[in-house]
Amino acid sequence: MTTAKSINLPTWEGVSKWRPSALDGGAEIALIGPSDAEPIIPELDLWDSWPLAREDGSTAEIAGRQFWFFLSAPQFPDPGQRHDAARLRMASLGSDGWRDHGQVLPEGSSPGTREWAGSAVLHDDGVSVTLFFTAAGRRGEKPSFEQRLFAVSGKLDPDGPGQWAEPAEFIRADGECYVVAAEAEGKPGLIKAFRDPAWFRDPQTGQRHVLFTGSAGWSDDDYNGLIGLATLGGDGSWHLENPLVEAVGVNNELERPNVIVRDGRYYLFWSTQRRTFKPGTPNGPNGLYGMVADSLRGPWRAVNGDGLIAGNPAQEPNQGYSWWVTGEGHVWSFVDHWGMQGRSFDQHPELLRKQFGGTPAPVFSLAFNGDRVTIAN
């Protein structure tokens, strides 16, 4: 794996801004029911997911199976504890259903105290695989909210991706445009970000990129989320570039960004939650959001006028989260706290475990029509 390099970033004043005046342009996701919350791997919670994809963004299918990566943890009494024990796990989906392929990285090889979300690409040789992921904290140290971006090379064999090499940090925040995310402690929804690396090959230029969730280094606003960009240079090193989109004064977390191309347009997606919108500003539901542009570097404009594509239904605002759009336009997520029926954890603490899904949510598809993106019928 190559060594990360820094470059002099251009001014960030030209970065596209997300400044919705209201958030009411999206659709509601269908209600999740008991049959949707059945675990696919017993005794484990699974959440953030992404497929092994080809360089063009299409989901790879090997011998009739798709290979999916998840964050995983034991089923703690409080599912919130899962973030402190997250490990990458792989499962495959075929005509016979799901197969568990176990923990991805060998025990003791992770550079962090836990592993957070990323992406995986099968390169054009049909054999080489790169897994990108977030290392949270540092191995052997006290858990923290420090976030670093790593890549690990592997090979495809009949049982899926494997033969992983040593993970290497491939890009670092510069502390000016991008905040160095190294907090020892933090409040959920307000920690600074440098995570969620997502592979993208630009069909216009052929360049290889990684998008990621970041925080604006030029702003001291508590709500300064952005979507960052790194590019693979001809020398084999990754280089930081200007962010694609910033939401300073609007939202602190534009999570798990990824791009797909449809009919010559670039569609940028991310997930966010109501609690990460700045108080006193327009705020939307936990949901899938997006922008559209004619090239990767924008300018980006909000889809549907405000950026909201699909949100949890009003009666179950926390039923799902962490939406990922595949190259085919299918939307994956996980079942969060579903079926709450207005009940609170204060009055019903048993619901923390009982109503947490921790398994893939029903998949839905998107329909694309210029600057409008909707749930397909």
Side-chain angles (χ1 to χ4, degrees), residues 1-2 4 48-62 66-71 88 90 104-105 115-135 147-156 160-162 164-165 167-172 193-214 227-234 236-241 243-245 254-262 266-271 290 293 295-297 322-332:
M1 189 57 60
T2 56
D48 299 4
S49 62
W50 59 93
L52 176 65
R54 299 188 183 275
E55 288 211 32
D56 63 3
S58 61
T59 303
E61 189 166 297
I62 312 299
Q66 296 178 4
F67 289 86
W68 283 82
F69 296 82
F70 298 88
L71 298 190
L88 299 176
M90 188 173 68
V104 175
L105 300 181
E115 300 145 15
W116 289 354
S119 60
V121 58
L122 173 62
H123 295 289
D124 286 343
D125 63 7
V127 176
S128 303
V129 175
T130 303
L131 171 65
F132 299 91
F133 68 98
T134 309
Q147 299 150 54
R148 296 174 295 153
L149 303 187
F150 279 77
V152 56
S153 299
K155 300 289 184 182
L156 184 67
W164 301 110
E169 188 174 7
F170 69 95
I171 200 73
R172 298 182 180 94
F194 197 72
R195 59 179 182 267
D196 304 339
W199 167 273
F200 176 70
R201 186 179 70 186
D202 189 339
Q204 286 187 7
T205 66
Q207 285 187 303
R208 277 81 169 171
H209 305 276
V210 160
L211 285 71
F212 56 89
T213 301
I227 293 171
L229 182 70
T231 299
L232 183 62
S237 296
W238 288 91
H239 305 273
L240 275 178
E241 293 208 46
L244 298 182
V245 171
L254 310 185
E255 296 196 288
R256 308 209 57 218
N258 73 310
V259 169
I260 69 171
V261 178
R262 274 285 189 286
Y266 290 63
Y267 293 91
L268 169 63
F269 303 98
W270 68 87
S271 299
S295 69
L296 179 62
R297 289 174 174 80
S322 196
W323 294 270
W324 179 270
V325 183
T326 70
E328 296 75 28
H330 304 316
V331 185
W332 285 65

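Side chains are part of it too, since the values below use all heavy atoms of this structure and drop only hydrogens, waters and symmetry mates.
Within the 4.5 Å cutoff, side-chain heavy atoms of F150 are placed close to those of E169.
Between the side chain of N258 and the backbone N or O of V325 there is at least one donor-acceptor pair closer than 3.5 Å. In this structure, E241 contributes its side chain and L229 its backbone to no donor-acceptor pair below 3.5 Å. Between the side chain of E328 and the backbone N or O of T59, at least one donor-acceptor pair lies under 3.5 Å.
Across all their heavy atoms, A198 and P257 have their closest contact at CB-O, 3.1 Å. Residues A120 and F69 share a closest heavy-atom pair of CB-CE1, 3.5 Å. Of all non-hydrogen atoms in T213 and L254, the two that sit nearest each other are OG1-O, 2.9 Å. Nearest heavy atoms, P197 versus T134: CD-OG1, 3.4 Å. Across F133 and P167, no two heavy atoms sit closer than the pair CZ-CB, 4.0 Å.
A donor and an acceptor atom, one from each side chain of Q207 and T231, are nowhere located under 3.5 Å apart. A donor-acceptor contact closer than 3.5 angstrom links the side chains of S322 and R256.
The only member of R208, H123, E55 that meets side chain to side chain donor-acceptor pair (under 3.5 Å) when paired with T130 is H123. For the ring pair (Phe, Tyr, Trp, His ring centres under 6.0 Å) with F132, the qualifying choice from F200, F170, F212 is F170, the only one to do so.
Salt bridge absent: R195 and D48 never bring a charged side-chain N and a carboxylate O closer than 4.0 Å.
The aromatic rings of W68 and F70 are tilted relative to each other, their planes meeting at an angle between 30° and 60°.
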